Amino acid sequence: MVKTILKYSAGALLLLTGIVVGRTVSFSPEPVAAVQPVTLAVDTEKVSRHLSEAIQFQTISYDNSAKRNKSRFLEFMQWVGQTYPQLQQLELTPVNELTLLYRWKGKDSQRDAMLLSAHYDVVPVTPGTEKLWQQSPFSGAIAGGYVWGRGAMDDKGAAVAMLEAISLLLEQGYQPPHDVYLALTHDEEIGSKEGAAAVTALLQQRDVKLAWSLDEGSFVLREMVPGVAADIASINVAEKGFLNLQLTVQSPGGHSSMPPAETAVSILARALTRLTDQQVPGGIDGLTADFYDQLGPHMAWLQRMLLANRWLFGPLLEHELSKMPTANAMLRTTTAPTMLNGSIKANVLPQQASAVVNFRLHPRDSVDAILAHARNVINDPRVELSVLQGMAASKVAAKDGVGFSHISNAAQSTYAAAGTQSTPLVVVSGLTIGGTDSRFYEEVAGASYRFNPMVLTSTELGGFHGNNERISQDNLVKAVQFYYSLLRAL
């Protein structure tokens with residue numbers, strides 16, 4: 001009897017192993033069509049100098065828009081006109097005075113148009129951190145093969161690359177087959193209400209229909225995904241929403257020398273701990289599953305095996321991915337306590353303690369669902385919950401759409417190795433974990449895509465809204481080649 005059980009167990013194990021290995025072997029990359037590298041010659045020194053000049057305009061967006069130095073924005077706009085005189089061939093509409101909307105008339109304006117967008121406002125440099133920068137944050141210094149300064153990657157680098165590519169095409173007499181719009185917005189960092197939202201409203205008013213739009217989002221990721229040696233172009237087809245939730249606890253207060261068993265602060269702290277300990281349920285499904293299904297075949301054997309057999313290893317995969325902040329953000333709605341407020345003095349018990357928790361909503365979740373989750377997890381009627389701001393996740397654009405195909409082809413051509421018939425680039429559809437102007441454009445666009453055609457490594461990642469933001473001169477050249485190739489192939 002024992003021998004029979006062992007025999008069948010060994011057979012079952014052998015069968016299971018065969019299934020796992022077989023699925024892993026078949027989980028292989030799809031054949032990649034041969035591409036021709038972009039051969040456009042770009043004046044590296046000129047485009048670097050132009051970005052340097054753009055960075056020196058301190059177009060800073062503050063949470064309090066009254067602090068905006070409007071003259072810096074107007075000076076930037078004037079610089080655009082002087083630096084790129086070819087743009088005079090396009091129809092310009094200033095939107096709320098500081099956003100530039102260009103219309104490039106195509107051969108057939110009856111066809112649906114497309115939109116390129118970038119923002120030229122930047123976040124402030126945290127006071128006191130200037131000394132931590134290798135180059136002054138608004139110097140636009142060109143050093144060590146990089147252009148340094150606030151906005152280099154987010155998002156003046158893309159704006160300048162678009163302007164360079166369009167100017168080259170205009171010089172060559174190129175006319176697109178349909179209308180192309182270019183939006184340079186001025187308030188993306190503080191919500192886009194005067195910029196992208198107003199551009200969208202204007203296009204709706206004019207009954208303009210966009211086949212697709214392209215804005216900032218992800219990058220060409222280099223050595224950012226464990227198990228993948230190739231560069232990854234993540235063309236993001238959606239972005240997360242957000243919920244700013246305020247937690248408030250009331251208390252009688254009093255002197256700290258006679259504290260009660262629980263204070264407003266301790267009750268609030270327990271609520272925050274519960275929220276962070278009991279994360280919003282996630283999973284490898286929908287958009288997240290699609291991302292890993294495209295990426296998995298390019299991974300090393302172990303990772304391929306796990307992803308090819310999610311029916312068996314799904315819980316293990318989710319557990320391991322949840323340990324990595326970037327991967328965890330793809331799996332679920334994230335929870336981040338960001339602001340705290342309590343007593344006015346060290347020896348005074350607060351009569352009120354409050355905190356703000358920022359949730360970044362995965363497309364599978366809604367604002368109401370996350371609010372219900374928070375109530376259920378905190379499970380304490382003494383903690384009042386109030387929604388400060390909330391926005392649902394975006395629509396999910398089709399990865400088999402014409403816009404995605406154009407972007408993918410341009411990226412592959414830009415990053416194809418010279419002299420070969422293959423490309424080292426892996427193209428996938430992904431999810432933007434932050435917010436972009438695209439969440440407004442999707443109101444008038446058939447599909448909205450989010451991608452910056454520049455290589456990003458973990459080293460550059462820290463520059464976003466942080467210290468030592470910079471972009472390599474090679475990245476600038478690649479970006480110009482990408483936008484040129486994209487527009488030329490419409």
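Every value quoted in this text rests on a predicted model; they were computed, and no experiment measured them.
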Item to check | Student check: side-chain heavy atoms of M77 and Y120 closer than 4.5 Å | outcome: yes
Checklist entry - Would you say the side chain of S322 lies within less than 4.5 Å of the side chain of Q279, judging by non-hydrogen atoms? => result no
Next on the checklist: Evaluate Y441 against Y181 for ring-ring contact (aromatic ring centres under 6.0 Å, His included), listing each step before the verdict.
Outcome noted: CA-CA 12 Å; Y441 300 142; Y181 286 86; over 10 Å; no
Checklist entry - So, E442 versus S438: side-chain donor-acceptor pair below 3.5 Å or not? => result no
Checklist outcome for this item: Residues D215 and S117: closest non-hydrogen pair is OD1-O, 3.0 Å
Checklist entry - Among side-chain atoms of H362 and T333, is any donor-acceptor pair under 3.5 angstrom? => result no
Checklist entry - side chain to side chain contact (heavy atoms under 4.5 Å, CB included) between L163 and T83: does it pass, once the steps are laid out? => result CA-CA 9 Å; L163 292 169; T83 306; over 6 Å; no
Checklist entry - For the atom pair CG (D231) and CG (L221), what is the distance rounded to the nearest 0.5 Å? => result 8.5 Å
Next on the checklist: Between N96 and D187, is there a side-chain heavy-atom distance shorter than 4.5 Å?
Outcome noted: no
Checklist entry - Ring centres of F482 and F451 under 6.0 Å apart? => result yes
Next on the checklist: Tell me whether the rings of F404 and Y449 are parallel (<30°), tilted (30 to 60°) or perpendicular (>60°).
Outcome noted: perpendicular
Checklist entry - Can you list every pair that meets salt bridge (charged side-chain N to carboxylate O under 4.0 Å, His left out) and has a residue in residues 329-339, with sequence neighbours left out? => result E318-R332
Item to check | Heavy atoms of other groups near Q473 CD, more than 12 under 6.0 Å | outcome: yes
Checklist entry - When you measure from the side chain of E130 to the backbone N and O of G128, does any donor-acceptor pair fall under 3.5 Å? => result yes
Next on the checklist: For a 4.5 angstrom cut-off between non-hydrogen side-chain atoms, does H406 reach M114?
Outcome noted: no
Checklist entry - Is the backbone N or O of D121 less than 3.5 Å from a side-chain atom of S61, with the two atoms forming a donor-acceptor pair by type? => result no
Checklist entry - How close do A479 and M454 get, heavy atom to heavy atom, and via which atoms? => result CB-CE, 3.9 Å
Next on the checklist: Would you say that K156 contacts R150 through its side chain, given a criterion of any heavy-atom pair below 4.5 Å between the two side chains?
Outcome noted: no
Checklist outcome for this item: All heavy atoms of A416 vs all of V35, minimum pair found to be CB-CG2, 3.7 Å
Item to check | Steps toward side chain to side chain contact (heavy atoms under 4.5 Å, CB included) verdict (V402, W212) | outcome: CA-CA 8 Å; V402 64; W212 53 281; 4.1 Å; yes
Next on the checklist: What verdict does the side-chain hydrogen bond (donor to acceptor under 3.5 Å, both in side chains) test give for N358 and T338, after you've listed the backbone C-alpha separation in whole Å, the side-chain angles of each residue and the deciding distance to 0.1 Å?
Outcome noted: CA-CA 7 Å; N358 176 254; T338 55; over 6 Å; no
Next on the checklist: Is it the case that atom CE in M339 sees more than 12 heavy atoms from other parts of the structure closer than 6.0 Å?
Outcome noted: no
Item to check | Interatomic spacing from OH in Y415 to NZ in K478 - rounded to 0.5 Å | outcome: 6.5 Å
Next on the checklist: How long is the straight-line distance from CG of D179 back to CG of L115, given to the nearest 0.5 Å?
Outcome noted: 12.0 Å
Next on the checklist: Between T200 and E443, do the side chains contain a donor N or O and an acceptor N or O under 3.5 Å apart?
Outcome noted: no
Next on the checklist: Can a donor-acceptor pair be found, under 3.5 Å and without considering hydrogens, that links the side chain of R450 to the backbone of S448?
Outcome noted: yes
Item to check | Side chain to side chain, P453 and T414, heavy atoms closer than 4.5 Å | outcome: no
Checklist entry - Hey, is the main chain of A66 close enough, under 3.5 Å, to the side chain of N64 for a donor-acceptor pair? => result yes
Checklist entry - So do the side chains of T24 and W301 get within less than 4.5 Å of each other, counting heavy atoms only? => result yes
Checklist entry - Does any donor atom in the side chain of Q134 or W148 lie under 3.5 Å from an acceptor atom in the other side chain? => result no
Please list every donor-acceptor pair under 3.5 Å in which a side-chain atom of residues 169-176 meets a protein atom from a residue at least two apart or in another chain.
residue	atom	partner	partner atom	Å
E171	OE2	Q86	NE2	2.7
Q172	OE1	Y484	OH	2.7
Q172	NE2	Y484	OH	3.3
Y174	OH	L487	O	2.7
Q175	NE2	K105	O	3.3
Q175	NE2	G106	O	3.3

Item to check | Whether S485 side chain and Q481 backbone form a donor-acceptor pair below 3.5 Å | outcome: no
Checklist entry - What do the steps show when you test N236 against S234 for side-chain hydrogen bond (donor to acceptor under 3.5 Å, both in side chains), and what is the final call? => result CA-CA 6 Å; N236 292 354; S234 183; 2.7 Å; yes
Item to check | Interatomic spacing from NE2 in H186 to CZ in R72 - rounded to 0.5 Å | outcome: 16.0 Å
Checklist entry - Between L245 and L371, is a side chain to side chain contact (heavy atoms under 4.5 Å, CB included) present by the stated rule, with each step listed? => result CA-CA 8 Å; L245 186 64; L371 184 57; 3.6 Å; yes
Item to check | Trace of the side chain to side chain contact (heavy atoms under 4.5 Å, CB included) decision for Y483 with L168 | outcome: CA-CA 11 Å; Y483 290 117; L168 284 170; over 6 Å; no
Next on the checklist: Just by distance, no angles: are the side chains of Y62 and E189 close enough, under 3.5 Å, to form a donor-acceptor pair?
Outcome noted: no
Checklist entry - Between D207 and K209, does a salt bridge (charged side-chain N to carboxylate O under 4.0 Å, His left out) hold up when you go through it step by step? => result CA-CA 6 Å; D207 199 28; K209 293 181 176 59; 3.3 Å; yes
Next on the checklist: For F219, is there any backbone N or O sitting under 3.5 Å from a side-chain donor or acceptor partner on N452?
Outcome noted: no
Checklist entry - Take atom CG in D63; do more than 12 heavy atoms of anything else shown fall under 6.0 Å from it? => result no
Next on the checklist: Using modelled atom types and a 3.5 Å cut-off, is there a donor and acceptor pairing between side-chain atoms of E239 and backbone atoms of S394?
Outcome noted: no
Next on the checklist: Quick check: closest heavy atoms across G217 and T432, and the distance to 0.1 Å?
Outcome noted: CA-OG1, 3.8 Å
Checklist outcome for this item: Nearest heavy-atom approach of A143 to Q135 is CB-NE2, 3.8 Å
Item to check | CZ (R103) with more than 12 external heavy atoms under 6.0 Å | outcome: yes
Checklist entry - Is there a donor-acceptor pair closer than 3.5 Å between any side-chain N or O of E469 and the backbone N or O of G151? => result yes
Checklist entry - Between the side chain of N475 and the main-chain N/O of V455, is any donor-acceptor distance below 3.5 Å? => result yes
Next on the checklist: Keeping T129 on the side-chain end and L132 on the backbone end, is there a donor-acceptor pair under 3.5 Å?
Outcome noted: no
Checklist entry - Between D154 and V122, which heavy-atom pair has the shortest distance, and what is it? => result O-CG1, 4.2 Å
Checklist entry - When rounded to the nearest 0.5 angstrom, what distance separates CE in M299 from CE in M305? => result 13.0 Å
Checklist entry - Is there side-chain contact between L317 and L307, with at least one heavy-atom pair below 4.5 Å? => result yes
Checklist outcome for this item: Taken to the nearest 0.5 Å, the spacing of R310 CZ from R23 CZ works out to 9.0 Å
